Amino acid sequence: MNSKRQPVFKLAAYCMRAHKWINAKLCLVFACLSVLICLFAAFTLSIETRRQDLFEQTVSSNYFFGDEDVSAQLAQRSLPEFRHSEIGIYDLSGFMEKNVGVNVPTVTTNYVTVTFYGTDRSFRFDAEQEPQYLWLYKLQNASDDEFYPFTEADASELKLRFGKDSFYIGELPSGENDALVSERMLNGYGLRAEDVLGKNLSIRLGENGDIEVDDYMSVIGMRYVRVTGVIVKEYYELSGHSEDWQIRPSVIFSRENGVNLPPVTRHVYLLNEWSDLGEGELGDIASEYGLTYCGVAAYQQREFLNKIKTVVLNVYYVVGSVLALSLVLTVMLVMNKFVLAFSRTGGILLSCGLGSNNLYRLLFAQVVLMFAASLPLALVGSVVGYAAITELVALGTKISMSLSPTLMAQLLALSIAAVFAAAMLFFVFALLRIRRKSVLELLKT
């Protein structure tokens with residue numbers, strides 16, 4: 001019989017069906033090996049991906065701010081390069097203490113009535129919502145290269161998290177009475193951006209709006225402001241502006257405005273990249289120079305992720321080592337049975353006309369078929385195992401992790417390649433056991 005025409009893979013399939021249990025064990029071993037490799041690589045990469053995503057999604061908080069210029073001192077510390085900017089904030093605490101009798105940094109929106117200037121349309125803050133601080137800022141420059149107080153880091157996070165390209169709807173303020181107004185604040189009054197754009201607004205203070213408009217507006221030198229733009233509400237969800245103690249403007253007046261109050265200068269130091277220093281070291285630097293660092297939460301989450309990674313990988317090493325040892329022992333036990341079964345079958349096939357060279361091809365074909373049969377098990381096991389691990393981590397830590405389908409496919413390809421190498425190693429060991437044996441020796445194995 002022509003050896004080239006002998007149906008080697010068809011014969012290998014018959015051999016597998018004749019010894020189902022042995023081949024099923026080997027398929028399971030290959031699948032488990034693939035799952036172990038894939039889960040280890042996937043979890044490690046997902047932690048690193050989550051760390052990277054964490055910093056990208058909180059980049060707007062990577063800054064210090066304070067009341068003094070300490071840029072020269074910070075430049076001497078082990079910090080990344082930073083950009084020093086100055087912003088102006090109008091301090092209303094003295095006015096509030098005088099007129100309301102309360103020592104607070106600024107007024108809250110539940111004590112503010114917004115009125116469309118020159119009309120009777122007035123709006124009180126929604127009592128069911130949490131009051132907001134009213135922070136009045138000054139636009140520093142009208143150049144895209146300057147601090148607004150919006151930054152490039154803010155723009156990056158705004159685009160990544162919310163898909164927005166601009167911090168405001170409308171135009172930047174340029175006239176003496178022009179201003180940007182917070183959409184988040186307006187929503188508390190039941191107003192939308194389109195309701196106020198291009199309109200003139202005035203403000204009345206007091207729990208019942210009982211402090212006259214002139215009493216308040218005369219302090220800042222304007223009877224009303226013209227709303228040229230509205231700061232989008234997503235800006236106040238950025239990591240660097242989500243808390244009242246951070247840089248969080250409610251109203252931003254134009255650079256050449258008519259405000260009588262001298263602005264209080266606040267110095268901001270925006271880091272170009274994340275520091276390698278720990279949270280404690282950054283805190284020490286901030287305390288030493290009277291600064292506040294806004295990226296503490298990001299560093300805390302990074303350290304938390306490191307702890308999760310350490311714990312899970314340690315558990316994985318223990319469990320994985322036990323499983324790997326079990327797989328090795330299983331292979332050793334099944335190896336003898338597989339070689340015994342294959343030798344007898346091979347002896348019979350050789351006596352029936354199978355070419356001697358095709359015996360080795362038959363062994364290779366059978367190992368390849370076992371490897372192929374294990375792939376669906378490996379695929380399902382890897383996906384289910386990874387989903388289970390990430391779900392358990394999310395339940396225990398409230399931190400979700402994920403991998404892109406492309407990266408997951410690459411990991412599966414890596415694990416498949418590793419398992420194929422293991423299958424070929426198995427083939428070599430089996431081949432060494434049967435080579436150079438006569439038909440009679442194979443039958444008597």
Side-chain angles (χ1 to χ4, degrees), residues 6-42 316-317 319-350 352 354-386 388 409 411-437 439 441-445:
Q6 291 181 329
V8 175
F9 275 93
K10 188 174 182 180
L11 288 173
Y14 287 145
C15 292
M16 289 182 65
R17 286 198 295 268
H19 304 283
K20 295 178 182 178
W21 181 238
I22 296 175
N23 289 280
K25 282 185 176 180
L26 288 172
C27 287
L28 187 59
V29 168
F30 291 150
C32 290
L33 181 59
S34 177
V35 169
L36 281 176
I37 296 172
C38 188
L39 289 185
F40 176 78
Y316 188 88
Y317 287 140
V319 176
S321 299
V322 172
L323 287 176
L325 180 60
S326 300
L327 292 176
V328 171
L329 292 174
T330 301
V331 170
M332 292 175 63
L333 291 173
V334 176
M335 172 72 77
N336 287 331
K337 293 183 179 180
F338 175 81
V339 172
L340 174 64
F342 182 82
S343 296
R344 290 176 178 174
T345 303
I348 294 172
L349 290 174
L350 286 172
C352 294
L354 181 69
S356 57
N357 290 335
N358 279 344
L359 179 65
Y360 305 136
R361 295 191 183 98
L362 177 63
L363 175 61
F364 179 80
Q366 192 166 340
V367 172
V368 169
L369 288 178
M370 285 189 294
F371 165 73
S374 69
L375 292 184
L377 294 175
L379 177 62
V380 174
S382 297
V383 173
V384 172
Y386 180 73
L411 291 174
L412 285 172
L414 174 64
S415 67
I416 289 170
V419 174
F420 184 77
M424 292 303 98
L425 186 63
F426 178 86
F427 164 73
V428 171
F429 280 122
L431 180 63
L432 293 174
R433 295 282 299 275
I434 66 170
R435 71 171 190 161
R436 296 180 182 176
K437 287 188 177 183
V439 175
E441 287 175 326
L442 289 174
L443 291 173
K444 288 183 177 181
T445 301

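As the structure is a computational prediction, the values presented were derived from the model and not from experiment. FYI, side chains are in, hydrogens and waters are out, and symmetry mates aren't considered; it's all heavy atoms of this structure.
- When every heavy atom of I22 is checked against every heavy atom of A341, the shortest pair comes out as CD1-CB, 4.3 Å.
- Considering all non-hydrogen atoms of both residues, P376 and A372 come closest at CD-O, 3.4 Å.
- Here side-chain hydrogen bond (donor to acceptor under 3.5 Å, both in side chains) pairs that include residues 416-431, with residues two or more places apart or in two chains, number zero.
- For the ring pair (Phe, Tyr, Trp, His ring centres under 6.0 Å) condition, the pairs that include at least one residue of residues 327-349, sequence neighbours left out, are F338-F426.
- Put simply, the residue from L28, L26, V29 that forms a side-chain contact (heavy atoms from CB on, under 4.5 Å) with M370 is L26.
- For the residue pair A31 and L377, the shortest heavy atom distance occurs at CB-CB, 3.7 Å.
- Across all their heavy atoms, C27 and S374 have their closest contact at O-CB, 3.1 Å.
- Closest heavy-atom contact between F371 and A423: CB-CB, 4.4 Å.
- For the atom pair CZ (F364) and CG (L369), the distance works out to 10.0 Å, reported to the nearest 0.5 Å.
- Closest of all the heavy-atom pairs between V368 and M424 is CG2-CE, 4.3 Å.
- Taking CG of L349 as the reference point, atom CG of L359 lies at 8.0 Å (rounded to 0.5 Å).
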